[in-house]
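To find a chain, count down the sequence lines: A is the first, B the second, and so on, and within it residues start at 1. All values below were derived from every heavy atom in this structure, side-chain atoms included, with hydrogens, water molecules and symmetry-related copies excluded.
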Amino acid sequence: MIENNLADLIQNGLRRAIDSGHLKTALPRTIEIERPREKSHGDWASNIAMILAKEARQPPRALAETIIEYLDKPDYLAEVEIAGPGFINFRLSSKWLSDSLTQICELGDAYGRSEVENPQKIQIEFVSANPVGPMHVGHGRWAAVGDSLARLLAAVGHQVESEFYINDWGNQMRIFGASVAARYREIFGEALELPEDGYQGHYITDIAQEIVDTDGDKYLRLKPEDQSAEFSKRAYKQVLEHIKKTLVAMDVSFDSWFSESTLHERGKLSESMEFLDQKDLTYRSEGALWLKTVDFGDDKDRVLMRANGEPTYFAADIAYHREKVERGFDKLINIWGADHHGYVKRVQAAMTAMGAGENRLEIIIGQLVNLFSGGKAVRMSKRTGEMVTLDELLADVGRDPARYFFLMRGTDTALDFDIELAKSQTSENPVYYVQYAHARICSILRHAADQKLTPIGKKANFNLLAHESEMALMRELADAPSIIARAASARAPHRLTKYAQDIAAAFHQFYHQCRVVSDDEDLSFARLTLVDATRQVIKNVLWLIGVSAPQKM
RNA sequence: GCCCUCGUAGCUCAGGGGAUAGAGCACCGGUUUCCUAAACCGGGUGUCGCAUGUUCGAUUCAUGCCGGGGGCACCA
C-alpha cells in the first residue's frame with residue numbers, strides 16, 4: 001500500500017538525516033500519512049515535521065526542508081513539496097497510476113486485498129436471532145453488516161469464522177412450545193389459553209396448523225406439559241429452518257451454528273462456574289449465586305444461578321464465551337442490537353474475570369432500523385398487521401437494495417430504511433447508480449468486442465490516459481487497497497458503499513468526457529483497459545458489500 | 001438517576017488532531033446524428049449542538065451542559 005511506502009520513505013530519510021547529524025531527534029515509531037482534503041495539496045501528506053519540530057528545536061518548515069533533502073526519489077513520486085505550516089506533500093507520478101492499473105488487471109478478483117501486519121484468527125458472531133419467530137428487519141441489518149465485515153476482515157488477511165449462536169434452551173423455549181401447544185388445542189376447538197408472556201404472532205398458529213396437517217390430533221392425548229415439550233423441539237427446528245432460508249435469500253452464510261443446548265449438555269456451565277468459584281469470584285446471597293463483576297468494571301454484581309437453581313442467560317453466555325476462547329480465537333467480535341448494550345459491561349467483566357485478556361472480545365453495538373415509505377414510518381405489515389419481517393422486506397425491495405441499504409450507515413447510527421427509495425430504479429437510488437456503472441462498462445466491452453477490440457493490457461499504452469477524468473478515475477481505482485484496509489480496521493463496512501459510489505461517479509464522468517471505442521486503436525486499447533479495470537474494482541467492492549454486479553440492466 | 005449512542009448544508013448522512021469541512025437528495029437551468037440519459041454539466045448554502053480544557057493546531061480528543069434515540073431483571 002502506498003501509505004506504507006511513503007512512511008518508509010520518510011523513515012529512511014529521517015534516519016539518514018539523524019545519522020549525518022543534521023537532525024537531532026529520536027526516530028519516531030510511526031509516521032502518519034494522510035490524504036489531504038484539498039486536492040491541490042497533492043495526493044498524500046505527512047505532518048511529521050510539525051510533530052518533530054519541538055524535539056528537534058527547529059521550525060516545522062525548516063525541518064521539513066531538511067527531511068526532504070535526505071529523501072529518496074522513487075519513480076512513483078512526481079513531486080514533493082512543503083506547504084502550509086510545515087506539511088510535506090507528495091504528488092504521485094503517472095507511472096504510479098498506470099502501475100496500479102496493471103496491478104488491477106493482473107490481480108483480478110484479488111485486487112484490493114492486502115495482508116495486515118498481524119493476521120488474527122477472528123470469530124465474528126452475528127444475527128443469532130432467537131429461534132422462536134421469524135427474523136425482523138433489524139436482524140437483516142446485522143446479517144448484512146456481519147457478513148460484509150467477515151468478508152472485509154478476510155480480505156485484509158485475517159482468518160475469519162462466522163457463527164450463529166442458537167438460543168435453543170431455557171425458559172423461552174418452554175414458553176414457545178407452550179404457545180404452539182395452546183394454538184394446537186385451539187384448532188381442535190379448545191379455548192385459547194396462551195401462557196404468560198406467550199408468543200402472540202400469527203406464525204405460531206401456522207406452526208400449529210402444520211403439525212395438525214401432518215400428524216392430526218395425536219398429540220391431544222398428551223398432557224399439556226408434554227405437548228409443550230414435544231412442540232418446542234419440533235417448532236424450533238421449523239423456525240430455525242426458516243431463519244436459514246431467509247439468510248440464504250440474503251446470501252449470508254455462516255461457517256458454524258452453535259447451539260446453546262450443547263453447552264448445557266456438555267456440562268460447560270457448571271465447569272465455568274467452578275472455574276470462577278475457584279478464583280474466588282463468586283458468592284451466595286439471597287439464595288442465588290453471584291459473580292463479582294463489579295471488580296471488573298460492571299455497575300453491579302450479577303446473578304449466575306437463580307435462587308430456584310436455574311442458571312441465568314448470563315451464566316450460559318459466560319460458558320459460551322469461555323468455549324469460544326478455548327477454540328483459540330485471537331479476537332471475538334459480537335454484533336449486538338442497541339437493546340443489548342446494557343449487557344456489554346457484564347460480559348466484558350466476565351471475560352476479564354476469566355482472564356481472557358483485555359481486548360479479546362469486541363462488541364459492536366448497532367443502532368436500530370426504522371422503516372420508512374414515502375417519508376412515513378412503517379411499523380406494521382399491511383398484510384399481517386404484525387411487525388414487518390425480514391422476509392417481507394426482501395420480497396418487497398429485493399436482495400441487492402436491501403443489503404446495500406443496510407450497509408449504508410455506520411453501525412452506531414440509527415438507520416432509516418426508505419422502502420420506496422430502495423425499490424426505485426432511478427438515479428436517486430445509490431445501489432442502482434453503482435450497478436448501472438458496472439452494466440454500462442459491460443456494455444462498452446460488448447460493443448468493443450463487436451468491433452473486434454478486446455481489452456488486453458499488454459497492448460495498452462497507459463501514457464495515453466492523460467485526460468483529467470481518466471487520471472481521476474485511475475486515482476479512485478488505485479485507492480481500493482487502502483480504503484478496504486481502513487474499513488476493515490475501523491470495522492466500518494459502510495465505507496465501502498461510499499467508495500463504490502465514488503468509483504461509479506468517477507467512471508460516469510469519464511464516460512461522458514472520453515469516448516472509449518474510437519478510430520484511434522491505441523487510445524481505444526488504453527481506455528478499454530481502464531474501463532475493464534474499473535469493472536473489476538466495482539465488482540470486487542460490490543462483492544465485499546454482498547451485492548451483485550450485473551452485466552446488463 | 002445511571003449507562004450507551006447520535007447532534008455536521010433545507011433533508012438524509014459521510015468524514016475526521018491539521019492547511020479553503022464533503023456527498024446524495026431536494027430546487028433551478030442545460031446536455032442525446034456518438035460505446036446504456038438508471039448518465040452527465042452548471043448554479044449555494046454551514047456558529048460542524050453549547051461551554052471549558054488538552055494541543056503548535058480541535059469540527060475531530062477530554063469533561064460538563066442541552067437536545068434526539070436506546071438501555072438499566074434472579075428475561076433472553
K.L.:
Please answer whether the main-chain N or O of A:S285 pairs with a side-chain N or O of A:W290 as donor and acceptor at a distance below 3.5 Å.
P.N.:
yes
K.L.:
Please state whether the phosphate of B:C4, meaning OP1 or OP2, lies under 4.0 angstrom from any side-chain nitrogen or oxygen of A:K345.
P.N.:
no
K.L.:
Under 3.5 Å, is there a donor-acceptor pair between the A:H264 and A:E260 side chains?
P.N.:
yes
K.L.:
Mind checking if A:P36 touches a base, just sugar-phosphate, or nothing, with heavy atoms under 4.0 Å?
P.N.:
base
K.L.:
Against A:Y165, only a single residue in A:Y320, A:F126, A:W257 fulfils ring pair (Phe, Tyr, Trp, His ring centres under 6.0 Å); can you say which?
P.N.:
A:Y320
K.L.:
What nucleic acid atoms does A:N89 come within less than 4.0 Å of, heavy atoms only: base, sugar-phosphate, or nothing?
P.N.:
base
K.L.:
Would you call the rings of A:H321 and A:W336 parallel, tilted or perpendicular, where under 30° means parallel and over 60° means perpendicular?
P.N.:
perpendicular
K.L.:
Whole-Å distance between B:C4 C1' and A:I364 CD1?
P.N.:
15 Å
K.L.:
Is any N or O donor-acceptor pair between the side chain of A:R37 and the base of B:U59 shorter than 3.5 Å?
P.N.:
yes
K.L.:
Strictly under 4.0 angstrom, non-hydrogen atoms only: write out the protein contact profile of nucleotides 61-76 of chain B, one letter per nucleotide from the 5' end, B, S or -.
P.N.:
---------BS--BSB
K.L.:
For the P atoms, the ones on B:U59 and on B:C74, what distance do you get once it is rounded to whole angstrom?
P.N.:
44 Å
K.L.:
Ignoring backbone atoms, establish whether A:T411 has a side-chain N or O less than 4.0 Å from OP1 or OP2 of B:U5.
P.N.:
no
K.L.:
Does a donor on one side chain sit under 3.5 Å from an acceptor on the other, for A:D400 and A:Q435?
P.N.:
yes
K.L.:
Does the side chain of A:T413 come under 3.5 Å of the side chain of A:Q367 through a donor N or O and an acceptor N or O?
P.N.:
no
K.L.:
In terms of side-chain heavy atoms, does A:Y313 have a donor or acceptor partner in A:N167 at a distance below 3.5 Å?
P.N.:
yes
K.L.:
Could you summarise the pairing of RNA chain B as dot-bracket text, marking Watson-Crick and G-U pairs under 3.5 Å with ( ) or [ ] inside the strand and | across strands?
P.N.:
(((((((..((((....[...)))).(((((.......))))).....(((((..]....))))))))))))....
K.L.:
Do we count A:Y433 as stacking onto B:A38 if the rule is ring centres under 5.5 Å and planes under 30°?
P.N.:
no
K.L.:
Out of B:C40, B:A19, B:G15, which has the shortest distance to the side chain of A:R495?
P.N.:
B:G15
K.L.:
If you check the A:Y436 side chain, which of B:U20, B:A39, B:C13 turns out closest?
P.N.:
B:A39
K.L.:
If you only use heavy atoms from C-beta on, which nucleotide in B:G18, B:A14, B:A39 is closest to the side chain of A:R409?
P.N.:
B:A14
K.L.:
Please give the distance between the P atoms of B:A9 and B:G49 as a whole number of Å.
P.N.:
8 Å
K.L.:
Distance-only, no hydrogens or angles: does the A:R446 side chain make a donor-acceptor pair with backbone N or O of A:Q551 under 3.5 Å?
P.N.:
yes
K.L.:
Rounding to the closest angstrom, what is the interatomic distance between B:C27 and B:C35 at atom C1'?
P.N.:
32 Å
K.L.:
Taking the six-membered ring where the residue is Trp, are the ring centres of A:H508 and A:Y433 under 6.0 Å apart?
P.N.:
yes
K.L.:
Measure the distance from CD on A:E32 to P on B:G57 and round it to the nearest whole Å.
P.N.:
17 Å
K.L.:
Is the phosphate of B:C41 approached by A:Q509 (side-chain N or O, under 4.0 Å from OP1 or OP2)?
P.N.:
yes
K.L.:
Considering only atom P, compute the distance from B:G43 to B:G7 and round it to an integer number of Å.
P.N.:
29 Å
K.L.:
What's the closest nucleotide to the A:H494 side chain, out of B:A38, B:G15, B:A39?
P.N.:
B:G15
K.L.:
Give me the distance, rounded to whole Å, that separates B:G57 from B:A38 when you measure between the C1' atoms they each carry.
P.N.:
45 Å
K.L.:
Taking it one step at a time, do A:Y199 and A:V180 satisfy side-chain contact (heavy atoms from CB on, under 4.5 Å)?
P.N.:
CA-CA 8 Å; A:Y199 292 92; A:V180 175; over 6 Å; no
K.L.:
Counting only side-chain heavy atoms from C-beta out, which of B:C25, B:C35, B:A19 sits nearest to A:H447?
P.N.:
B:C35
